[in-house]
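Worth knowing before you read on, the calculation uses all heavy atoms, side chains too, and leaves out hydrogens, waters and symmetry mates.
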Amino acid sequence: MLLFLIVLFILFSVVINTYPAITLWDRELIIYIQSLLKDVPLWVPTAFDGMLYATMIVIPLIFAWICFARKKKYFDIAFLGAIPLITYGFSSILKHIVERPRPPMELHLSVHPGGFSYVSSHTLISFCLWGMIIYYLIKYCENKALKIVGITIASTWMALIGFSRAWLGVHNPTDVLAAYFLGIILLIIYINARKFFEKYIGL
């Protein structure tokens with residue numbers, strides 16, 4: 001299953017970066033999104049790029065670390081903390097392999113990031129981190145209400161962060177879609193790695 005998804009992602013990436021028509025469709029979709037939401041204050045999408053994004057990385061880590069410390073699951077503190085770093089590193093490598101340009105500067109609403117576009121690091125990191133939070137909530141959380149609230153927040157944020165990247169015009173929609181696709185692959189790897197350590201090292 002994992003190998004199939006990896007092959008599918010590679011084919012998806014090749015298609016996206018081989019056919020210029022896809023990039024043109026991306027541009028048209030960005031323009032449509034921005035025109036549709038033109039009356040929304042600019043600080044709304046911009047917030048997803050700055051403090052709100054940082055907060056939604058730090059806060060779940062802090063709460064998770066507190067819970068892990070109480071249960072003396074020290075490996076999980078290190079494991080969860082490493083996921084944003086590993087994911088960012090993987091995303092950076094992929095960007096330099098593919099070297100897909102970002103959308104034109106005139107589509108950028110407020111922020112003007114440098115570097116390449118494929119895939120969206122904001123989306124990928126958020127998806128992997130919050131995806132693991134969902135995994136831990138399902139595995140360890142006994143409070144049903146807390147579990148529902150946590151999964152709802154995680155799912156909402158994972159969707160909004162990706163949408164905001166296209167809204168801001170700093171990523172092609174297919175960059176975001178690819179980040180979700182790759183995020184599923186990485187989540188499977190992270191979860192299986194966690195299960196491996198639990199089974200064979202007795203964490």
Just jot down the salt bridge (charged side-chain N to carboxylate O under 4.0 Å, His left out) partners of K139, sequence neighbours excluded, or say none. E198
From S164 atom OG to I33 atom CD1, the distance as rounded to the nearest 0.5 Å: 10.5 Å
How would you list, by chain and number, every residue that makes a side-chain hydrogen bond (donor to acceptor under 3.5 Å, both in side chains) with T123, sequence neighbours excluded? S120
For I93, the hydrophobic cluster (side chain heavy atoms closer than 4.5 Å, chained through members) also holds I97
Smallest heavy-atom separation, P101 atom then N172 atom, equals O-ND2, 3.8 Å
Are any non-hydrogen side-chain atoms of Q34 and L107 less than 4.5 angstrom apart? yes
Where do V98 and S13 land on the side chain to side chain contact (heavy atoms under 4.5 Å, CB included) test, with the steps shown first? CA-CA 9 Å; V98 177; S13 301; 5.6 Å; no
Quick one: CD1 on I16 to CG on L177, what's the gap to the nearest 0.5 Å? 6.5 Å
What is the ring orientation for Y136 with Y140, classed by angle as parallel under 30°, tilted 30 to 60°, or perpendicular over 60°? parallel
Between C128 and L187, what is the shortest heavy-atom contact and its length? O-CD2, 3.5 Å
With Y32, which residues qualify under side-chain hydrogen bond (donor to acceptor under 3.5 Å, both in side chains), at least two apart? none
With sequence neighbours excluded, tell me which residues meet side-chain hydrogen bond (donor to acceptor under 3.5 Å, both in side chains) with T174. D26, R100
Do the side chains of L85 and W65 join up, straight or via other hydrophobic residues, at under 4.5 Å, putting them in one cluster? no
Hydrophobic clusters here meaning ILVMFWY residues chained together by side-chain heavy-atom distances under 4.5 Å, can you tell me if V40 and I31 are in one? no
Set of ring-ring contact (aromatic ring centres under 6.0 Å, His included) partners for Y118, sequence neighbours left out: none
Contact between W25 and I22 at the side-chain level, heavy atoms closer than 4.5 Å - yes or no? yes
Atom CZ of F90 and atom CG of L182: how far apart are they, to the nearest 0.5 Å? 5.5 Å
So, for L80 and M132, which heavy atoms are closest and what is the spacing to 0.1 Å? CD1-CB, 3.8 Å
Closest approach of W130 and A154, non-hydrogen atoms and distance? CE3-CB, 3.3 Å
Across all chains, not counting sequence neighbours, the ring-ring contact (aromatic ring centres under 6.0 Å, His included) partners of F9 are F181
List the residues meeting side-chain hydrogen bond (donor to acceptor under 3.5 Å, both in side chains) with R102, not counting sequence neighbours, and say none if there are none. H171
Joint cluster assignment, M1 & L11, ILVMFWY side-chain distance < 4.5 Å: no
Spell out, yes or no, whether L129 and V149 are grouped together once hydrophobic residues are joined by side-chain heavy atoms under 4.5 Å, including indirect joins. yes
Is a donor on one side and an acceptor on the other found under 3.5 Å between the side chain of N143 and the backbone of L146? yes
Do F127 and I161 come within less than 4.5 Å of each other through their side chains, counting heavy atoms only? no
Worked verdict on S91 versus I125 for side chain to side chain contact (heavy atoms under 4.5 Å, CB included): CA-CA 9 Å; S91 173; I125 293 169; 5.8 Å; no
Tell me every residue that passes side-chain contact (heavy atoms from CB on, under 4.5 Å) with M105, counting only those two or more places apart in sequence or in another chain. H108, H112
In terms of hydrophobic clusters joined by side-chain contacts under 4.5 Å, are I10 and L124 together? yes
Take L42 and L109, measure what side chain to side chain contact (heavy atoms under 4.5 Å, CB included) needs, and give me the verdict at the end. CA-CA 8 Å; L42 192 56; L109 289 186; 3.7 Å; yes
Specify the closest pair of heavy atoms between V176 and A166, including all atoms of both residues, with the distance to one decimal. CG2-N, 4.5 Å
Shortest non-hydrogen contact from A69 to I77? N-CD1, 4.1 Å
Rounded to the nearest 0.5 Å, how far apart are CD1 of I153 and CE of M158? 13.0 Å
Please table the atom pairs, donor to acceptor, closer than 3.5 Å between any side-chain atom in residues 49-61 and protein atoms at least two apart or in another chain.
residue, atom, partner, partner atom, Å
D49, OD1, R165, NH1, 2.6
D49, OD1, R165, NH2, 3.3
T55, OG1, M51, O, 2.7

So side chain to side chain donor-acceptor pair (under 3.5 Å) across residues 149-158, not counting sequence neighbours, yields S126-W157
Compare all side-chain heavy atoms of R194 with those of Y135 and state whether any distance is below 4.5 angstrom. yes
Could you tell me whether E142 atom CD has more than 12 heavy atoms of other residues or ligands within 6.0 Å of it? no
How far does OG of S121 sit from CG of D175, to the nearest 0.5 angstrom? 10.0 Å
Would you confirm whether W167, through its side chain, and P45, through its main-chain N or O, come within 3.5 Å as a donor-acceptor pair? no
Sub-4.5 Å side-chain heavy-atom contact between I30 and P173: yes
In chain order, what residues pass the ring-ring contact (aromatic ring centres under 6.0 Å, His included) check against Y74, with sequence neighbours excluded? none
What distance do I185 atom CD1 and L2 atom CG have between them, rounded to the nearest 0.5 Å? 7.0 Å
Side-chain heavy-atom pair L186, T87 within 4.5 angstrom cut-off: yes
